[in-house]
Amino acid sequence: MSHSEHGPPLTREIRARTGIDPARCYQCGKCTAGCPMADEMPTRIQQIMRKIQQGREELLEDPSIWLCLSCEQCSSRCPQQVEPARLVDALRELAMERAPGTAPRRIGAFHTAFLEQIKLNGRLYEFGLVLGYKLRSGALLDDVESAPGMMARGKLALVPTRIDGLDDVRRIFEACERRDSSSEEEAK
Amino acid sequence: MNALRDLARQLLEAGEVKVVIGYEDSRRGVRPAFVSDPADVDRLIFDARCVHNLATYLNPRRGHVKRLGRAAVVVKGCDARAVAGLLREQQIAREDFVLIGVRCGGVFDTPDATGPLDAASIAPRCHGCTVREPSLPEHVVGDLPPEPPVGRDLDAEVARLMAMPAAERLAFWNRELAKCVRCYACRQVCPLCVCERCIVDKTQPRWIEPSAHTRGNLAWHLTRAQHLAGRCSGCSECERACPEGIPIHLLNHFLAGVVRDAFDHVVGDDPDAPAPVGAFRKDDAEEFIV
Amino acid sequence: MRFGYYPGCSLHATAREFSESLLTLVKALDVQLDEVEDWACCGASSAHATNHLLGVALPARTLAIAEGQGLDNIVAPCAACYGRLAGAAHEIEGDAALKGQVAEILKRPLGTPPEIINVVGFLQSLLPEIQPRVVKPLDGLKVACYYGCLLLRPHKVTRFDDREQPESMEQVCAAVGATPVAWNKRIECCGAGFSLSRTGSVIRMGREILDDARAAGAEAVVVGCPMCHSNLDMRQPAMNRGQAGAGALPVLYITELVGLAMGLDPKAMGLQRHYVSTQPLLDRLSTAVAVAEGEVS
Amino acid sequence: MARIGVFVCHCGENIARTVDCAAVAGSVADHPSVVCSVDYKYMCSDPGQNLVKDAITEHGLDGVVVAACSPHMHLKTFRRAASNAGLNAYLVEMANIREQCAWIHPRTPETTVKATDLVRAMVEKVKQNVPLEPIRIPVTPTALVIGGGIAGIQAALDIAEAGRDVIIVEKEPSLGGHMSQLSETFPTLDCSQCILTPRMVDAYQHPRIKLYTYSEVEKLEGYIGNFEVTIRKKGRSVDIDTCTGCGACMEVCPSKKALDEFDMGLRTRTAVYTPFPQAVPNKPVIDREHCLHYKAEARAIARGKPVKAVCQKCAKACAADAISFDGGDELIKEKVGAVVVATGFQLYSVAKDQPEPYLEGYGEYGYGADPDIVDGLQFERLASASGPTGGKILCPSNGQAPKTIVFIQCTGSRDPAKGIEYCSGVCCMYTAKHAMLYQHSVHGGRAVVFYMDIRATGKGYDAFTRRAAEESGAEYVRGRVSAIYRADGKLVVKGVDTLGGEPMTVQADMVVLATAIRPQPGIKELAQKLSISYDQHGFLNEAHPKLRPVETNTAGIFLAGCSQAPRDIPDSVAMASATAAKVLALFSRSEMEREPQVAKVDQATCSGCFHCERACAYGAVEHLEVKDRRGNVLRVVAQINPGVCQGCGTCAANCPSKSIELDGFTDAQVFASIQALSL
Amino acid sequence: MFEPRIVAFVCNWCTYTGADLAGTSRLPMATNVRIVRLPCTGRIDPLFIVKAFERGADGVIVSGCHPGDCHYSEGNYHARRRFRLFKELMDFTGIDSDRVTFSWVSASQGQKWADVVNGTTERIRALGPFEGYPGSEEVA
């Protein structure tokens with residue numbers, strides 16, 4: 001990116017990570033207009049874009065970034081091809097690195113439980129996911145009605161399948177987490 | 001070889017051409033041959049000693065060749081670039097001559113070379129050759145010889161010079177150019193020196209001093225190089241023709257690099273490809289302009 | 001015919017009927033699927049959302065293995081897996097640096113990744129095989145083809161026929177005798193990503209989609225994505241709750257629909273596993289199914 | 001031996017303060033071939049000029065150097081003086097010892113030395129000067145105007161009113177262009193037809209204007225003052241001269257399915273038709289795509305069968321016997337001296353099929369397929385008293401008045417993802433107008449305008465948009481619309497209010513898209529015929545963005561209206577009048593006189609490499625065949641057309657053999673200056 | 001102190017007018033620069049520069065309209081390519097290309113012209129007389 005040297009730190013970081021220049025956004029709002037979560041986000045996607053342009057660090061603690069479904073409708077329709085969804089991914093990445101635990105409990109719990117499963121088995125063990133998620137989120141009684149149904153329908157495997165290349169997966173995780181911390185230092 | 005001769009014979013017998021311009025052997029190595037009698041086609045040869053760029057005989061300045069009548073010219077892939085240049089600049093018309101392309105496995109530095117074609121003896125211009133199979137000619141003869149050996153690379157030569165301190169470089173060129181006797185063999189042999197009246201022969205005013213002196217010499221060689229920038233086919237015949245052994249082709253080769261990097265153009269054998277001469281891009285780099 | 005095959009995690013569990021219907025279908029078409037050996041999870045939908053490199057490296061491992069197996073394409077029926085695999089392939093192809101980085105992490109060479117094929121494209125390419133085998137056209141069963149987000153976007157990765165007005169799913173359904181209805185929410189997201197964590201939102205989104213499908217007169221919703229399916233199927237009671245006139249609307253995998261048209265055994269395809277009963281629909285097509293069962297057994 | 005006179009000016013104290021003028025004159029006096037060298041207080045004053053004139057006669061000077069201010073200031077003055085004294089004007093040069101010497105240096109010996117050097121150098125140059133005569137090019141004082149919209153009409157009328165002949169070529173059957181489709185016009189809301197029709201009639205009846213409707217430019221040859229245009233007159237099948245315009249033919253025509261272009265496809269028309277009631281000329285034309293006879297003829301020819309007369313009811317119905325099915329296209333040649341290109345615009349369409357690969361439609365708006373999603377021009381027709389609804393704004397789908405209407409600005413414009421990054425300039429204004437027209441027509445209706453920015457920079461424009469928002473009560477919402485679809489009989493418009501930061505969905509009955517302005521189809525082909533340049537969208541390039549906005553790089557060809565960039569009516573009209581002024585200046589004399597600073601080729605030494613041609617921005621280089629007595633072509637050499645050459649000298653510098661000289665700055669002159677200044 | 005001789009080749013429309021502006025604004029400048037007025041940088045043949053050096057100039061300034069402002073719309077673009085070749089060639093032959101200043105000076109940039117003139121003069125002063133031609137005196 002030609003302008004990677006300009007702008008506040010957060011803006012620069014996002015630009016560096018995504019190769020997208022947030023300055024291109026001209027705030028038309030088409031992203032918000034088509035966003036399925038717009039009504040639930042305290043900070044709408046178009047406002048998130050503005051704050052990225054301004055380099056507002058508080059974005060990293062803003063629950064809104066965790067309310068993006070990555071459905072990419074915004075990216076697909078952005079007249080300036082800024083790909084807001086991609087920028088939000090980068091924000092979440094940054095948040096995990098710099099301000100862990102700021103994700104809304106349930107969503108954070110979900111992601112953690114999810115990745116935990118992959119680390120453990122190399123594949124997603126959904127029963128484990130649900131358990132892990134519930135323990136972390138404390139949402140113990142949600143969906144109690146659906147679980148037995150799943151059993152009945154043979155939709156919940158009770159034993160996880162492990163892949164042979166587990167150490168592959170572990171290595172991947174290590175490498176990626178290392179990169180996190182390193183880029184954290186860069187940020188400092 | 002036979003394919004070449006057979007084709008030459010056909011062309012002559014069919015009256016398609018009056019003369020075939022190719023290569024023949026002689027006591028002092030290979031030399032250009034002008035064959036107008038079908039009986040003589042067996043004089044024609046092609047091997048690694050066929051250094052000459054025969055495209056130069058298509059240069060309109062060579063009236064005497066023109067007078068021989070419609071010609072078929074034997075060209076290597078690299079020579080074809082010069083032909084393309086002449087076509088591109090409307091100096092010749094494609095229908096006025098025939099091209100006999102020869103598949104090439106690299107050539108020596110000189111037409112009288114002996115011994116094997118190896119890294120030491122191969123001409124620098126063969127380095128990284130991409131036109132061993134000519135595409136412009138209507139006829140292409142011979143089998144594709146094996147990959148030529150990797151030899152001297154002019155880019156390395158240029159780099160070596162550029163690595164010197166400027167003063168040394170200046171001294172180097174002054175030394176070299178001081179040798180120039182202004183015989184203009186470089187101009188005569190060049191297939192792309194097409195001017196009716198060369199600029200050095202213009203007297204009113206006299207931009208380039210004709211006397212063999214560093215001033216005129218530098219002016220001459222700088223001008224020559226610039227006039228060939230983006231046009232030079234890289235045959236380095238100028239350098240071979242130079243009786244003083246001045247590495248003048250280096251100047252052309254250097255500018256070819258500049259044209260490639262700055263104007264993103266490489267001289268090829270497509271006559272219809274746009275040339276960088278008299279052209280520009282609005283976003284051409286201009287870091288050297290304040 | 002042979003294709004590479006990446007089932008992905010959910011086809012082994014929540015989306016069992018998807019894999020069952022797919023496998024029954026390819027058997028009937030005698031198409032062979034070569035499963036990628038020892039594949040790992042593609043990381044959807046958490047990896048890329050939280051760690052970009054992870055979101056690329058995980059699927060990249062699968063790509064590398066497949067390449068090693070000499071597969072030049074991979075059918076990824078799960079839309080999420082498809083998105084991640086195709087996305088990763090797209091990214092490492094476009095970014096040499098990233099490619100090197102990932103290759104090093106994987107300690108595996110990365111060449112040209114195999115072509116990733118989604119279930120719709122897969123069936124489209126098989127239509128010449130399928131159509132002659134359609135024993136009982138679905139006599140105009142009104143279906144709402146639901147693309148959702150993962151199949152379609154990002155367009156630069158999926159290169160779907162049209163980012164806003166796609167038709168390929170409709171083409172497949174029409175080809176087997178169903179009647180696709182025109183409706184509006186075909187490419188809206190159903191929110192499955194939040195199925196566990198923000199069930200409330202998901203119910204809202206799912207409800208809008210189902211309502212629109214019903215309004216368009218659909219008798220069933222056809223999907224190509226396990227997340228959409230588990231969402232619209234398993235959560236449908238909640239979505240319909242308190243909705244006047246919101247009758248249960250079966251949600252079929254496109255493989256199931258094609259299978260039914262080919263007269264394949266609904267049980268073999270796992271239709272009994274659905275939350276929203278598929279029985280009424282099967283009854284509507286009973287004659288066809290009866291004939292089919294006769295053949296199968 | 002040359003005889004040069006040197007005249008050093010003090011410019012009052014301006015020069016004399018730091019330069020010792022007498023010393024300069026003194027030391028130059030004994031410079032070779034300087035026969036007189038004097039200094040004087042004010043050279044540009046009458047006595048000063050007389051000093052020069054007298055010296056010319058007295059010393060028989062063949063060269064003059066005036067050492068004074070910048071040549072930009074007084075070169076013309078002294079050249080005029082010299083020619084009055086019988087010395088060729090181009091034997092006079094100026095040495096700039098004021099701006100570039102006296103004013104920037106202190107009073108030191110060096111300053112005087114430099115001044116002397118500058119004078120000496122100029123003396124050396126003048127020795128190389130040769131007498132030149134201004135170039136005279138005959139001018140055909142007839143203008144060709146391409147396009148009969150408001151811009152073309154305005155240009156034509158201005159030129160004709162000034163007593164020059166004009167030829168208008170209009171590709172449609174009638175004059176009027178897009179303006180004739182408009183209902184009212186901003187910012188005054190006066191009726192478009194009412195102000196345009198009189199102009200159309202004036203143009204039609206003007207004795208100096210020759211009108212070719214249903215015609216297109218086939219070819220343009222020649223150069224400024226001396227063009228020859230070939231016009232393709234498309235087969236009209238109706239003889240304009242005998243036709244009375246009674247309309248009987250249209251009443252009997254059985255083919256009624258053709259979409260009416262003038263009404264933007266909102267209704268159909270017959271195959272023989274006049275585009276609209278006020279058409280000029282008000283004579284019909286037969287649309288051969290839809291006419292039963294021509295369709296049958298085409299089929300017959302395709303099958304190689306004999307052509308039989310089919311239908312031809314119109315011909316039978318024509319009392320004047322003006323209809324004939326025999327005539328085809330006709331090619332006409334005309335000589336003109338200047339060309340005005342006023343080809344206008346077309347609207348970008350949101351449909352899936354696009355004319356250019358880089359353009360994309362709006363799938364998220366259902367590609368505009370819904371009948372109640374219309375574009376700006378369709379809305380104009382709906383709002384126009386002469387339109388399909390007689391001026392009532394009604395939904396095309398059901399003929400009901402829309403209770404809620406949504407206007408979407410910047411549809412296509414400023415949307416790189418769809419392929420157009422520029423602002424179309426007029427949409428903010430006409431959308432405001434539309435909102436007002438709607439409020440006047442549908443009382444108590446709700447109008448919502450989605451906009452990005454309001455760009456209302458014209459006179460009274462901003463007030464106009466404010467009125468739309470404040471008085472007419474249109475809801476202005478800043479934001480782009482993400483999607484439009486139909487649900488429960490309504491058009492659901494999913495928009496956003498970016499200022500409130502809220503998504504906003506509107507249930508509308510009609511949606512009006514303010515789609516982008518694009519150049520006319522075929523503009524690039526036309527530009528190539530005229531050898532003028534265009535940008536990536538096909539808008540024609542002006543010669544200089546600031547100083548020559550209505551000229552092109554091809555001398556004698558001018559631009560008006562939307563052919564150059566999106567423009568509204570006042571701008572188009574102003575621009576048209578500007579082109580008229582340029583044309584009239586050109587026509588003001590029977591011969592154009594131009595500075596003789598042009599390039600010349602030495603054909604003896606030219607080798608015909610045509611590097612010059614490649615380097616010429618004006619296409620002034622021509623190919624000249626050198627032939628022997630028997631007429632065989634010996635060589636092809638370059639020749640420069642003095643009428644086209646602008647005198648930049650780029651060709652001269654590009655000529656490897658230096659066979660091109662630029663008069664006024666010849667090699668000899670430059671060489672002499674360098675020699676003198678480098679020592 | 002060494003007083004270099006510098007020849008400036010400038011276009012008539014932008015730089016020459018800019019130099020006039022510098023004059024009317026009375027901007028002080030070194031006296032070392034002598035201007036040759038040409039219609040356009042497109043008219044400038046590198047031989048002009050070579051000739052200037054041959055004749056004894058120690059430095060050269062070449063200046064015209066900024067890209068896009070050329071009075072002849074394209075002349076400076078062609079010039080730019082020519083200058084590129086010439087400059088690289090100077091470097092390659094060891095002639096210090098610092099002796100030539102290539103600049104764009106518009107009609108409104110009087111100050112920039114002054115800076116170009118003074119800057120170049122200072123630079124050439126530092127470089128000393130041009131001695132690119134060993135044995136020049138032989139024919140000089």
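In what follows, every heavy atom counts, from backbone to side chain, and hydrogens, waters and symmetry copies are set aside. Protein chains get the first letters and strands the later ones, always in sequence-line order, with residue 1 at the start of each.
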Does any non-hydrogen side-chain atom of E/Phe92 lie less than 4.5 Å from one of B/Val158?
yes
Spatial distance of atom OG1 (B/Thr223) from atom CZ (E/Phe86) [nearest 0.5 Å]
8.5 Å
Choice from B/Ala178, B/Ala225, B/Gly278, B/Ala279 maximising heavy atom contacts with chain E below 4.5 Å:
B/Ala279
ring-ring contact (aromatic ring centres under 6.0 Å, His included) contacts touching residues 269-290 of chain B (sequence neighbours left out)
B/Phe280-E/Tyr77, B/Phe280-E/His78, B/Phe288-E/Phe102
Which bit of B/Arg175 is near chain E, if near means a heavy-atom gap under 4.5 Å: side chain, backbone, both or neither?
neither
Structural part of B/Leu161 lying under 4.5 Å from a heavy atom of chain E
side chain
Just checking B/Gln204: does its CD atom have more than 12 heavy atoms from other residues, nucleotides or ligands closer to it than 6.0 angstrom?
no
Between E/Asp91, E/Thr93, E/Leu47, E/Leu85, which residue shows the highest count of heavy-atom pairs closer than 4.5 Å to chain B?
E/Thr93
Can you tell which part of B/Leu251 gets under 4.5 Å to a heavy atom of chain E, answering side chain, backbone, both or neither?
both
With a 4.5 angstrom heavy-atom cut-off, which part of E/Thr101 approaches chain B: side chain, backbone, both or neither?
side chain
Distance-only, no hydrogens or angles: does the B/Trp173 side chain make a donor-acceptor pair with backbone N or O of E/Ile95 under 3.5 Å?
no
Closest contact, heavy atoms only, E/Ser103 versus B/Ile289:
CA-CG2, 3.5 Å
Closest non-hydrogen atom pair between E/Pro46 and B/Gln226, with its separation
CG-OE1, 3.2 Å
Where does B/Asp283 contact chain E at under 4.5 Å (heavy atoms): side chain, backbone, both or neither?
backbone
Candidate list E/Arg80, E/Lys87, E/Arg84, test salt bridge (Lys or Arg N to Asp or Glu O under 4.0 Å), partner B/Glu286, passing option
E/Arg80
CG of B/Asp284 to CZ of E/Phe83: how many Å apart, nearest 0.5 Å?
13.0 Å
Once disulfide bond (SG atoms under 2.5 Å apart) is applied, what residue pairs with a partner in residues 18-80 of chain E remain, sequence neighbours excluded?
E/Cys14-E/Cys65
Got a donor-acceptor contact below 3.5 angstrom from the E/Lys112 side chain to the B/Val290 backbone?
yes
Closest contact, heavy atoms only, B/Arg215 versus E/Glu54:
NH1-O, 3.3 Å
Below 4.5 Å from any heavy atom of chain E, which atoms of B/Pro165 appear? Answer side chain, backbone, both or neither.
neither
Closest heavy-atom pair, B/Arg281 versus E/Arg81, reported as atoms and distance to 0.1 Å, is N-NH2, 3.8 Å
